[in-house]
Each structure stands twice: as C-alpha cells, then as structure tokens.
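Okay, so here's the structure we're looking at.
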Amino acid sequence: MAIPVIDFSKLDREERAKTMAELHNGCKEWGFFQLVNHGIPEELLERVKKVCSECFKLEREEGFKNSKPVKMMNEELDKQKDSGKLEGVDWEDVFILLDDNEWPPQTPGFKETMTEYRAEVKKLAEKMMEIMDENLGLPKGYIKAAFNGGGADDDAAFFGTKVSHYPPCPRPDLVPALRAHTDAGGVILLFQDDVVNGLQIFKDGAWIDVQPLRNAIVINTGDQIEVLSNGRYKSVWHRVLATSNGNRRSIASFYNPSLSATIAPAPQLVEMANPGEKGERGGFYPKFQFGDYMSIYAEQKFLPKEPRFQAVSAT
Ligand SMILES: O=C(O)CCC(=O)C(=O)O
Ligand SMILES: [Fe+2]
C-alpha cells in the first residue's frame with residue numbers, strides 16, 4: 001500500500017474537479033499524501049538538498065556524535081548484555097529555521113537558498129489551505145484567517161522549517177529515529193529524502209511506508225486542522241525508523257496558528273455534522289487558545305491526542 005500521489009499541476013487545467021476530489025480524499029482518508037508538479041522549481045529543490053546535506057557535514061555532524069542518543073547508545077553497546085531499548089530519545093539531528101532566529105552561519109549559500117525555499121513552500125501551504133477551505137465548504141481564506149488570529153502582527157501564523165538528519169544507526173532495533181506522534185499544528189509540508197526511507201504512517205491498524213519520490217512534497221495535517229474541520233480531516237500517527245545505512249534528510253515546514261489564535265470547529269461544520277460522520281470522538285472538539293495546546297503538547301507529544309483535547313477544553 002502506498003500513500004496517494006497527486007499531480008498538482010492538474011488543478012489549473014480541465015481536471016480541476018477531479019484533482020480537488022483527490023486532494024479531499026487525501027486529507028480525509030489518509031491525512032498524508034504526496035504532491036508532484038507542485039510548482040516549486042526543481043532547480044531550487046536540488047540546491048536545498050545540497051545546502052542541507054553540506055550543512056550537516058560542516059556544522060552538525062560533530063555535535064551529533066556527542067548528543068544524548070549517541071552517548072546512550074554507546075553505553076548500551078559497551079554492556080555485556082542488552083538491557084533493552086533506549087527510552088525517551090530519538091536518533092536525529094534537528095534545527096529549526098524561523099524568519100528571526102539564528103541560522104547555521106558557515107555553509108555557503110545556505111541562508112539564500114533556504115530563504116527562497118521557505119517563501120515557496122509557504123505559498124504552497126497557503127494554497128493548500130485554500131483548497132481545504134473549498135473542499136470543506138468553508139469561505140475562501142477561512143483557515144488562514146483562523147491561524148492568523150486577529151490579524152495583528154503579533155498574531156501572525158507561525159511558519160517554521162525543521163531541518164532533520166537521521167544518521168546511520170548501529171542498532172536500529174534499539175531506538176527510533178523519531179517516535180510516533182501526530183503533529184500539533186496546521187499544515188505540514190515535508191521534503192523528504194529521495195532515497196533513504198524510514199517515514200511511516202499508521203493506517204487501518206498497520207504501519208505503512210511513505211515511499212520516497214524524487215522532489216515530491218509530502219503534505220500532512222496536524223491536530224488543529226482536525227479541530228477546525230470538526231474531525232473531517234484527522235491528524236495521523238507517523239514515525240521515522242532508524243536505519244543502519246544511509247543518512248536520511250528531511251525538511252519539514254509547519255504552517256501553524258499563532259500562539260494567541262483561538263481554535264475551534266468551524267461553525268459551518270458543526271451545524272452540518274451528522275452523527276454518521278462524527279468519528280471516534282463523537283464529534284466533540286473544544287475551543288481553546290493554540291498556546292495552551294502547545295504547552296500541553298510539549299509534555300505529551302508522543303501520546304494520543306484525545307487527552308490533549310480534553311485538557312485544553314478545561315483551560
Ligand atoms: O522526518 C520526517 O520525515 C518526519 C518529521 C516529523 O514527523 C516531524 O517533524 O514532525
Ligand atoms: Fe511529525
């Protein structure tokens with residue numbers, strides 16, 4: 001089984017209706033799908049891969065060797081007998097790019113390339129949100145406005161890019177590359193490795209691979225889209241497996257609400273709700289401030305989302 005691959009260029013042509021239906025299906029039935037012909041220039045994507053890999057070699061690899069998971073692994077391997085899996089760690093190297101934080105300073109072309117990439121992928125995120133508006137029967141711009149709070153500058157949606165590498169792991173049976181979770185926020189656009197796999201989603205009781213597809217963008221939706229859509233678009237569990245060969249690169253961009261934004265099911269979708277469509281939570285989703293959700297998520301990222309929804313409904 002493979003996750004859907006959708007040709008985004010067909011949206012602008014006569015197959016628009018069919019493509020919109022595929023995108024709706026991708027959000028509703030899968031929560032994860034891949035876009036090809038998404039409009040981000042190949043030439044830019046090639047540069048993104050190059051500068052991120054160079055950055056890892058030049059500015060990150062040494063640090064990874066001294067990181068907590070590596071130390072724990074070395075201790076484990078030094079023991080005479082296995083004492084079991086490493087708890088509470090992921091076999092990954094990560095840093096986050098925001099408009100105003102410190103970026104890796106030494107890699108030639110990194111800042112220029114990643115600035116250009118972030119602008120492109122943010123446009124794609126906004127386009128995806130408009131598609132979701134339309135497919136959900138919401139007014140155009142609804143999701144973006146909800147994520148941008150009141151519209152003031154300090155209410156602006158959060159747009160972050162997480163650059164991850166998952167270096168070769170001596171014992172992939174002892175540690176995950178990234179523990180299973182659903183994403184907290186809104187729309188996630190993932191540019192994953194062309195070759196090295198490892199990302200899996202949980203679907204119909206089994207883990208299935210998100211197959212590497214050269215220069216595709218993987219889209220998935222987070223917990224806030226689930227709330228806003230009143231459960232029509234569910235966030236999906238996913239994880240990354242460690243591998244003993246290959247250094248997997250993945251660049252995830254998150255379009256999330258601002259911390260001050262109020263998130264709640266869209267009223268249009270509550271009124272339309274019919275019992276058959278309500279899903280496992282009986283159709284009840286709370287109204288809360290995204291910042292409160294994130295405080296809970298920080299503690300509970302690798303746990304089921306339902307207790308998080310319950311906890312914010314009490315705030
Ligand atoms: O590295 C990946 O492919 C997935 C990363 C991810 O799930 C996340 O950052 O939330
Ligand atoms: Fe994730």
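Quick note: residue numbers are just sequence positions, from 1. Order of appearance sets the numbers: ligands from 1, and atoms from 1 within every ligand.
A ring-centre distance under 6.0 Å is found for Phe32 and His238.
Polar contact with ligand 1: present for His181 (N/O pair, distance under 3.5 Å).
Only the side chain of Leu190 comes within 4.0 Å of ligand 1, counting heavy atoms alone; its backbone N, CA, C and O stay farther away. Residue contacts with ligand 1, taken as heavy atom pairs separated by less than 4.0 Å, involve Phe254 solely via side-chain atoms from C-beta onward. Neither the backbone nor the side chain of Ile188 comes within 4.0 Å of ligand 1, counting heavy atoms alone. Contact annotation: for Ser250 versus ligand 1, heavy atoms closer than 4.0 Å belong to the side chain alone.
Proximity of Arg239 to ligand 1 is not established, as no heavy-atom distance is less than 4.0 Å. Residue contact check for ligand 1: Lys162 places a non-hydrogen atom closer than 4.0 Å to it. Within the 4.0 Å heavy-atom shell around ligand 1 one does not find Glu92.
Nearest to atom 6 (C) of ligand 1 among the protein's heavy atoms is Leu178 CD2, 3.5 Å. Considering only non-hydrogen protein atoms, atom 3 (O) of ligand 1 sits nearest to Arg248 NH2, 2.8 Å.
With 3.5 Å as the limit, one finds no donor-acceptor pair spanning the side chains of Arg308 and Gln300. Side-chain atoms of Glu59 and Thr107 include a donor-acceptor pair closer than 3.5 Å. Between the side chains of Lys122 and Ser253, not a single donor N or O lies within less than 3.5 Å of an accepting N or O.
Checked against the Fe ion (ligand 2), the N, O or S atom of Asp183 at the shortest distance is OD1.
Under the 3.5 Å distance criterion, the side-chain polar atoms of Ser258 are matched with a main-chain donor or acceptor of Asp155. Looking only at distances, no side-chain donor or acceptor of Thr221 sits under 3.5 Å from a matching main-chain atom of Ile225.
Transitive grouping of hydrophobic side chains (ILVMFWY, heavy atoms separated by less than 4.5 Å) brings Val51 and Leu44 into a common cluster. Linking Ile, Leu, Val, Met, Phe, Trp and Tyr residues whenever their side-chain heavy atoms come within less than 4.5 Å leaves Ile188 and Ile251 in two separate clusters.
A tilted orientation is assigned to the rings of Phe95 and Phe110, their planes being inclined by 30° to 60°.
Of all the atoms in ligand 1, the ones that sit under 4.0 Å from a non-hydrogen atom of Asp183 are 10 (O). Contact atoms of ligand 1 toward Val240: 1 (O), 2 (C), 4 (C) (distance under 4.0 Å to a heavy atom of the residue). Close contacts of ligand 1 with Tyr166, meaning ligand atoms under 4.0 Å from a residue heavy atom, involve 1 (O), 2 (C), 5 (C).
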